[in-house]
Amino acid sequence: MNTVAELTLQALQKHGTERLPGYTASLCTACNAYPPPFGMEWYGEKYREAASDPDWLAMSLIANAAKEGEGAQKLWGLAGRTANHKVADQIRVHAIDEARHARLYIAMLDTAFPGAVSEEIRPTLMNLSPGYSSKDQPPASQLTAETNVLDELIQMNIGEIRTRIHQLLLRPVLTIYCPIGRRGKLTQILDSILEDETRHIEYTARLIEQGIIGGFKGFIHSMMTQRLNEFNQITLNEIGKSSYD
Ligand SMILES: [Fe+2]
Ligand SMILES: [Fe+2]
């Protein structure tokens with residue numbers, strides 16, 4: 001089995017997720033057709049090479065905070081366009097998680113690199129998050145087709161799989177830079193993000209499974225493969241920039 005598919009399915013199993021045979025088959029087929037670069041040995045090496053520069057690593061935490069904030073806003077919009085209320089609400093909760101992550105990346109910067117966040121730039125960095133809370137609701141807008149939602153869920157699922165792998169790469173290098181007395185706090189933040197990202201893979205995988213059962217099997221299988229291929233290309237183009245999000 002492809003490494004990325006294997007890592008993902010193991011993480012779901014460990015998380016207690018029920019078997020999702022349709023999703024599993026779809027993910028394995030896509031990963032076999034287009035093996036993701038982010039599961040390859042050289043990719044991890046490249047990452048560690050870049051992260052050996054603490055300035056690069058600090059900047060990459062800020063870039064990640066920005067990406068999480070943008071991701072939250074996109075999800076917020078999608079939640080407002082999704083007709084199925086149960087699905088829309090899960091996407092809304094996901095957006096709230098990503099808004100929190102934007103701030104957690106700044107908290108990691110603060111923790112691992114004491115003094116890096118000056119009081120002057122703190123408000124700017126905190127504003128990278130749209131700051132959604134569980135009391136907020138996205139504005140209702142023109143509803144989108146069910147296949148568009150499924151396509152978005154597939155892209156989210158693949159994105160979350162990559163994010164989770166980036167989290168696994170980030171953890172050991174950031175821990176080395178972090179002052180020993182602050183490592184406990186850093187580990188708590190890293191654990192909470194990793195747990196959330198695994199849940200994001202889980203709920204999108206479940207919705208993909210429901211789509212397969214609900215008559216979209218052909219569509220999902222072909223989109224999973226097509227989107228993974230595109231995502232791999234995007235990943236290859238991003239290598240070397242500080243955007244391991
Ligand atoms: Fe996130
Ligand atoms: Fe996520």
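For ligands, and for the atoms within them, numbers begin at 1 and follow the listed sequence.
- Ion pairing between Glu70 and Lys67 fails under the 4.0 Å rule for side-chain N and carboxylate O.
- Note on the Fe ion (ligand 1): protein N, O or S atoms under 2.8 Å away count 5, no waters included.
- Hydrophobic cluster of Leu168: the remaining members, joined at side-chain heavy-atom separations below 4.5 Å, are Leu194, listed by chain and number.
- For residues 71-98, the ring pair (Phe, Tyr, Trp, His ring centres under 6.0 Å) pairs, not counting sequence neighbours, are Trp76-Tyr132, His94-His200, His94-Tyr203.
- Looking at every heavy atom in both residues, Ile106 comes nearest to Ala65 through CD1-CB, 3.6 Å.
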Give the table of side-chain donor-acceptor pairs shorter than 3.5 Å for residues 170-181, with sequence neighbours excluded, one pair per line with atom names and distance.
{"from": "Arg171", "atom 1": "NH1", "to": "Asp191", "atom 2": "OD1", "distance (Å)": "3.0"}
{"from": "Arg171", "atom 1": "NH2", "to": "Asp191", "atom 2": "OD1", "distance (Å)": "2.8"}
{"from": "Thr175", "atom 1": "OG1", "to": "Arg171", "atom 2": "O", "distance (Å)": "2.6"}
{"from": "Tyr177", "atom 1": "OH", "to": "Ala51", "atom 2": "O", "distance (Å)": "3.0"}
{"from": "Tyr177", "atom 1": "OH", "to": "Ser52", "atom 2": "O", "distance (Å)": "2.8"}

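- From Gln233, atom CD reaches atom CD of Glu238 across 12.0 Å, with rounding to the nearest 0.5 Å.
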